[in-house]
> 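Structure below; questions to follow.
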Amino acid sequence: MDTTPATPPRSPDTEAVHAGREDLAALGLHVAPLDLSTTYPSPDSRAEAARLDEFAATGARLEGPPVYARLDNPTVARFETALARLERTEAAVAFASGMAALSAVLLERASRGLRHVVAVRPLYGCSDHLLTSGLLGTETTWTDPAGIADAIRPDTGLVMVETPANPTLAEMDLAAVAHSCGSVPLLVDNTFATPVLQRPVEHGARIVLHSATKYLGGHGDVLGGVVACDEETARGLRRIRFATGGVLHPLAGYLLLRGLATLPVRVRAQSATAAELARRLAADPRVARVHYPRLGGAMVSFEVHGDPHSVIAGVRLITPAVSLGSVDTLIQHPGSISHRIIGETHRRTGGIGEKLLRMSVGLEDVEDLWRDLDAALDASSDAASRAASNGAEGGVTGLGDRSSAPPRREPERAGR
């Protein structure tokens with residue numbers, strides 16, 4: 001009988017720093033190495049044939065040295081190990097982008113004859129587009145959380161949700177959603193929350209998707225995606241990755257592993273600033289509505305009374321750009337960029353209005369950010385007032401100003 005004391009579970013802060021790196025000391029290293037090889041020596045071709053046969057049959061990660069970069073890479077494998085530990089899953093499989101990761105999940109389910117997807121809006125715009133377009137041979141039923149159980153069919157392979165949602169930050173009760181899924185796997189896009197704030201498998205999800213480009217990398221300099229899941233699903237995803245070639249480059253894997261080390265610190269600091277900015281925006285008469293999740297996080301969405309495009313054009317410190325999760329603050333107009341591809345009707349049903357702006361809060365000082373926002377909101381109000389006074393048809397209507405401001409209000413905590 002083994003009487004060795006069980007190792008106590010490590011906190012996410014510790015896992016972020018050490019997971020995937022446990023063997024470094026034995027290798028005489030302090031920092032994880034970067035392996036850029038595309039191919040590796042294989043002197044025993046019979047043994048390699050047996051290993052490749054096993055991979056083709058099972059999708060299990062190869063034991064022993066790598067063979068070819070499309071099969072496996074040691075640097076990427078370290079990142080996968082670390083992310084799985086943070087999400088509390090058995091495995092993780094990394095891809096060239098978040099969309100490559102989602103595509104692989106859809107193809108893996110379709111390979112089982114399960115081509116039907118149930119999904120809840122809003123999702124990231126390109127995810128919505130991929131599901132709606134049927135480009136991968138899938139069929140999607142869109143519903144609200146209460147309708148998930150009724151939407152499931154015998155050929156349903158997946159239920160997909162995003163919480164907090166992009167870009168409205170609407171939240172769902174994941175345990176209730178997972179219960180509605182029954183035996184159908186629930187996929188949760190956890191890009192906004194990160195495993196620092198939410199681990200969906202603890203609420204019944206089976207598959208967790210990340211655009212690793214965002215908070216996991218955290219510095220706006222790496223493109224990647226990753227799926228955290230059970231080992232059975234991971235085996236199918238590895239086979240899809242090998243067949244389609246949507247592999248994560250080793251340099252990206254290296255940067256993502258490095259990014260994970262500071263993920264908890266970054267997310268908490270960014271979230272504190274975001275919460276304060278949400279509070280100030282909610283009290284501002286130039287702002288019609290603020291969305292900020294109960295869960296917290298570094299994302300803030302808000303609707304202005306004035307011209308949202310003037311806010312985008314008016315910022316100087318904040319970067320007007322698509323994407324999110326970087327150490328610097330970004331702002332964008334979802335209806336024009338991130339969710340443009342899904343069309344006006346679906347944007348409207350997903351709660352994505354033309355006055356909505358999405359801001360990803362970085363690590364700058366809150367007062368500097370507020371000064372920049374304040375000036376941009378002034379520019380927005382001035383532009384709208386000029387349009388109204390000129391009687392421009394098709395301009396912004398129903399504008400509020402400081403003299404007719406609504407009473408002070410708290411940020412709207414995004415709910416179901």
> Looking at CD of Glu139 and OG1 of Thr132, how far apart are the two atoms once the value is rounded to the nearest 0.5 Å?
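It comes to 11.5 Å.
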> Does a side-chain N-to-carboxylate-O contact under 4.0 Å join Arg241 and Glu108?
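So Arg241 does not pair with Glu108 through a salt bridge.
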> How many angstroms lie between atom CG of Asp189 and atom CG of Leu123, to the nearest 0.5 angstrom?
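So the gap between those two atoms works out to 7.5 Å.
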> Give a yes or no answer on whether the side chain of Asn190 reaches the backbone of Val208 with a donor-acceptor pair at less than 3.5 Å.
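Here the side-chain-to-backbone pair does not exist.
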> Can Leu324 and Arg358 be said to form a side-chain contact (heavy atoms from CB on, under 4.5 Å), step by step?
CA-CA 9 Å; Leu324 56 108; Arg358 190 193 74 186; 3.5 Å; yes
> Could you tell me which non-hydrogen atom of Thr75 sits nearest to which non-hydrogen atom of Pro33, and how far apart they are?
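Between these two residues, the closest heavy atoms are OG1-O, 3.3 Å.
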> Taking everything shown except Tyr254 itself, do over 12 heavy atoms lie less than 6.0 Å from its OH?
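Counting other residues, nucleotides and ligands, OH of Tyr254 stays at 12 neighbours or fewer.
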> I need the Thr329 OG1 to Glu364 CD distance, nearest 0.5 Å.
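Between Thr329 OG1 and Glu364 CD, I get 3.5 Å after rounding to 0.5 Å.
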> Please find the pair of heavy atoms, one from Asp221 and one from Leu255, that lie closest to each other, and give the distance.
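In this case the closest contact between Asp221 and Leu255 is O-CD1, 4.0 Å.
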> Taking all atoms of both residues into account, what is the closest heavy-atom pair of Ala298 and Gln270, and its distance?
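Of all heavy-atom pairs spanning Ala298 and Gln270, the closest is CB-CB, 3.5 Å.
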> Hey, could you give me the OH/NE2 distance between Tyr124 and His129, rounded to the nearest 0.5 Å?
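Going from OH on Tyr124 over to NE2 on His129, the span is 10.5 Å.
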> For Leu102 and Leu130, run side-chain contact (heavy atoms from CB on, under 4.5 Å): C-alpha distance rounded to whole Å, both residues' side-chain angles, the deciding distance at 0.1 Å, then the answer.
CA-CA 9 Å; Leu102 175 58; Leu130 181 63; 4.1 Å; yes
> Using only atom types and a distance under 3.5 Å, with no angle test, would you say the side chain of Thr89 pairs donor to acceptor with the backbone of Asp230?
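Here the side-chain-to-backbone pair does not exist.
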> Is a side-chain donor or acceptor of Arg199 paired with a backbone partner of Pro195 at a separation under 3.5 angstrom?
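At least one qualifying donor-acceptor pair exists.
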> Would you say the side chain of Val118 lies within less than 4.5 Å of the side chain of His116, judging by non-hydrogen atoms?
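Contact flag for His116/Val118 side chains = yes.
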> Checking His210 against Leu256 for the side-chain contact (heavy atoms from CB on, under 4.5 Å) test, could you report, in this order, the C-alpha distance in whole Å, the side-chain angles of both residues, the deciding distance, and whether it holds?
CA-CA 12 Å; His210 285 275; Leu256 289 171; over 6 Å; no
> Within the distance-only criterion (no hydrogens, no angle test), does the side chain of Asn73 pair as donor or acceptor with the backbone N or O of Pro250 below 3.5 angstrom?
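No, Asn73 side chain to Pro250 backbone: no donor-acceptor pair under 3.5 Å.
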> Passes side-chain contact (heavy atoms from CB on, under 4.5 Å), Leu209 versus Thr191? Steps please.
CA-CA 7 Å; Leu209 174 71; Thr191 298; 5.6 Å; no
> Quick check: closest heavy atoms across Leu169 and Val300, and the distance to 0.1 Å?
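The answer is CD1-CA, 3.9 Å.
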> Quick check: are there more than 12 heavy atoms from other residues, nucleotides or ligands sitting under 6.0 Å from CD of Glu232?
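Not more than 12 within 6.0 Å, no.
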> Please round to the nearest 0.5 Å and tell me the distance separating atom CZ of Arg286 and atom CG of Leu373.
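It comes to 9.0 Å.
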> To the nearest 0.5 Å, how far apart are CZ in Arg61 and CG in Leu71?
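So the gap between those two atoms works out to 12.0 Å.
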> State plainly whether the residues Glu80 and Arg238 are in salt-bridge range, i.e. N to O under 4.0 Å.
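Judged by the 4.0 Å cut-off on N to carboxylate O distance, Glu80 and Arg238 do not form a salt bridge.
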> Indicate yes or no for a side-chain donor-acceptor contact from Lys355 to the backbone of His305 under 3.5 Å, with no hydrogens or angles considered.
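Side chain of Lys355 to backbone of His305, a donor-acceptor pair under 3.5 Å: yes, one is there.
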> Contact between Pro12 and Arg88 at the side-chain level, heavy atoms closer than 4.5 Å - yes or no?
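Yes, their side chains come closer than 4.5 Å.
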> Any sub-3.5 Å donor-acceptor pair from Glu171's side-chain atoms to Leu295's backbone N or O?
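Indeed, once roles are kept as given, a pair shorter than 3.5 Å links the two residues.
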> Does any N or O in the side chain of Asp372 come within less than 3.5 Å of the main-chain N or O of Val315, such that one atom is a donor and the other an acceptor?
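Looks like no, no N/O pair under 3.5 Å.
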> Determine whether Tyr68 and Ser42 make a side-chain contact, defined as any pair of heavy atoms from C-beta on separated by less than 4.5 Å.
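Of all side-chain heavy-atom pairs linking Ser42 with Tyr68, none is under 4.5 Å.
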> Determine yes or no for a side-chain-to-main-chain donor-acceptor pair under 3.5 angstrom, with Thr138 supplying the side chain and Arg115 the backbone.
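No, the answer is negative, given that no donor and acceptor are paired below the 3.5 Å cut-off.
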> Using every non-hydrogen atom in the two residues, find where Ala101 and Val226 come nearest and quote the distance to one decimal.
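The answer is CB-N, 4.0 Å.
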> Is the shortest heavy-atom distance from the side chain of Trp370 to the side chain of Asp365 under 4.5 Å?
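In short, these two side chains do not touch, never coming nearer than 4.5 Å.
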> Do Asn166 and Met299 come close enough that some side-chain heavy atom pair is under 4.5 Å?
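Result no, sub-4.5 Å side-chain heavy-atom pair not found.
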> More than 12 heavy atoms of other residues, nucleotides or ligands under 6.0 Å from CZ of Arg21: yes or no?
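Correct, the count exceeds 12.
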> Can you find a pair of side-chain heavy atoms, one from Val177 and one from Val188, that are under 4.5 Å apart?
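No. Closest side-chain heavy atoms not under 4.5 Å.
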> Checking salt bridge (Lys or Arg N to Asp or Glu O under 4.0 Å) for the pair Arg371/Glu367: CA distance, chi angles, key distance, verdict?
CA-CA 6 Å; Arg371 277 193 291 270; Glu367 299 300 337; 5.1 Å; no
> Taking all atoms of both residues into account, what is the closest heavy-atom pair of Ala274 and Tyr292, and its distance?
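Ala274 and Tyr292 have their closest heavy atoms at CB-CE1, 4.0 Å.
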> Mark yes or no for whether Ser301, through its side chain, and His291, through its backbone, hold a donor-acceptor pair below 3.5 Å.
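Checking the backbone N and O of His291 against the side chain of Ser301, no donor-acceptor pair under 3.5 Å is found.
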> Does Arg51 use its side chain to pair, donor to acceptor, with the backbone of Glu63 at less than 3.5 Å?
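Answer holds: yes.
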> So Ser323 and Lys214, do their side chains get closer than 4.5 Å, heavy atoms only?
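SC-SC contact between Lys214 and Ser323 confirmed.
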> Does a side-chain heavy-atom distance below 4.5 Å link Met172 with Glu162?
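SC-SC contact between Met172 and Glu162 ruled out.
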